[in-house]
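Just follow the structure's listing: the first ligand is 1, and inside any ligand the first atom is 1.
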Amino acid sequence: MNDLYPSVLREVAPLRDAFASAGHQLYLVGGIVRDLHLGAPLVSLDFDMTTEARPAVIKALVDPLATAVWTQGEKFGTIGAQVDGRPYEITTHRAESYSDGSRKPEVVFGDDIEVDLSRRDFTLNAMAIRLADGELIDPFDGLGALERRELMTPIEPEVSFADDPLRILRAARFIARYDLSVNDSVMAAGRALIDRMSIVSAERIRDELDKLLAAPAPSSGFEFLVEVGAWPFVVAAVDVSSVAGIGRQLDAVANDLVLRRCVVFSYVAPEQRRKTLSGLRYSKEESRQILSLLGAVDVIRAGSEPLDAPAVRRLVASVGYDQLGLVHSLIAALGVSDRGFGTVLETLDASGELERLTPVLTGDEIMELLGLDPGPAVGACLKALQERRFSDGPLDRAGEVAFLTTNYHPTS
Ligand code: ATP
Ligand code: MG
């Protein structure tokens, strides 16, 4: 047990007392209980709680203690509260499921902690700590599963996965993060029910992929996704035969989300990448960064001759100076030959020229200099200056003025 157990119990005492004095039980539940048993550091813990009190009662009980209360999740039973600088999520127990298999099963509140725990995804996530006496509530031997490093469901896996097929994806994250073996019945149920994955939204699939990518070594989670048949629901554009190898590549790269996303999407054909990323509902900014990093790697991969200074300047301009560390890591991760990119880059960078790769003169200054009216000619001048900078390196303001007055004659 984690040394933090007493300090966590002390920290939650004001909430515990408020619920106790109103005759309600309050429990820490789910990931925090698992992680406390694994000796996780305090900063990594999410304080999730559950109670039989209904949301309106939770709200009334936390209100005097909280500096902020969030009620967006109220109809699903969850009240958020900031108490002593710490965010809490307190959720009313769930009752037995009478799911009709629909996409949005109705939320039914319950009174029994054990029933609530039975509806959770895996036994190692189905433990609670009763705050009144600090007792561990572990009806499904989650602690044993944690010790054996085994992934099991509290109820029959067929019922659990039919209820919420997202759990098949959640499995991958826990397998990778905690180095779990998969119980045979869990694997068989996942396989049998895999087509239910089609009801899971793209956003939730993306979130799970990102969480799997954040595991220290994601490869076993990737292997599970292949074995259970889930991969085509995750990134169909990546052929399933590449996925185990991608997992191994991911284990060997730094735990950086952008870098790891790039490794995965490098296996999507360039012309399909944009569509794949927007299909997974990555934001415009996230997609832009992934596409531009992969575009830079594609350029480097496209030839065999050493890259010259103009090619390197163009690359830096397209990907952005601040992204160069990621370009290097990505080239290394994918085993791409860098074609002298690093060496040329170092020389150019030493001169400071890469910090500015755009012309000094503005459109207004060009119009004034050459007596031009607004129009395509101004754009053509800017483009010529840009090309000149790419091909021969930087010019200062006077140099750009001289270049334009020599090459472009005012309309007289
Ligand atoms: P992480 O450390 O990645 O946050 P976690 O176990 O805390 O993992 P959360 O997604 O934060 O997972 O959910 C908190 C708890 O809620 C879980 O531990 C589990 O008990 C329960 N839970 C979450 N999602 C589901 C689900 N889809 N089905 C069943 N139980 C779930
Ligand atoms: Mg959590």
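With respect to D207 and R281, no salt bridge is recorded, no charged nitrogen being found less than 4.0 Å from a carboxylate O. Salt-bridge check for R16 with D133: failed, with every basic side-chain N at 4.0 Å or more from each acidic carboxylate O. The pair R339-E305 fails the salt-bridge criterion, with no side-chain N (NZ, NE, NH1 or NH2) lying under 4.0 Å from an Asp/Glu carboxylate O.
Residues R397 and E400 form no side-chain contact, since every pair of their non-hydrogen atoms from C-beta on lies 4.5 Å or further apart.
Heavy-atom contacts of F174 reach the following atoms of ligand 1: 6 (O), 8 (O) (cutoff under 4.0 Å). Listed by number with element, the atoms of ligand 1 under 4.0 Å from a non-hydrogen atom of R177 are 1 (P), 2 (O), 3 (O). Shown in contact with G30 at under 4.0 Å from a heavy atom are these atoms of ligand 1, numbered in order with element: 18 (O), 20 (O).
With no hydrogens or angles considered, a side-chain donor-acceptor pair links R167 and S160 at under 3.5 Å.
For atom 15 (C) of ligand 1, the closest non-hydrogen atom of the protein is R120 NH1, 3.8 Å. In this structure, the protein non-hydrogen atom closest to atom 28 (N) of ligand 1 is R167 NE, 2.7 Å. Ranking the protein heavy atoms by distance from atom 14 (C) of ligand 1 puts D48 OD2, 3.8 Å first. Nearest non-hydrogen protein atom to atom 6 (O) of ligand 1 is R34 NH1, 2.7 Å. What sits closest to atom 7 (O) of ligand 1 on the protein, heavy atoms only, is G31 CA, 3.5 Å. Among protein heavy atoms, the minimum distance from atom 19 (C) of ligand 1 is reached at D121 OD1, 3.6 Å.
Nearest-residue assignment for atom 20 (O) of ligand 1 (options N125, V33, L45; heavy-atom criterion): N125. Within the set R173, R170, K211, R204, the minimum heavy-atom distance to atom 13 (O) of ligand 1 is found for R170.
Atom OH of Y321 has more than 12 neighbouring heavy atoms from other residues, nucleotides or ligands inside a 6.0 Å radius.
If you look at D164 next to ligand 1, the close heavy atoms, those under 4.0 Å, all belong to the side chain. In R119, the part holding a heavy atom less than 4.0 Å from any atom of ligand 1 is the backbone.
Looking only at distances, no side-chain donor or acceptor of R54 sits under 3.5 Å from a matching main-chain atom of T92.
The closest approach between a heavy atom of F122 and any atom of ligand 1 is not below 4.0 Å.
A cation-pi geometry, defined here as NZ or CZ lying under 6.0 Å from the six-membered ring centre and within 45° of its normal, holds between R86 and F47.
Classified by interplanar angle (parallel below 30°, tilted 30° to 60°, perpendicular above 60°), the ring pair H93/Y27 is tilted.
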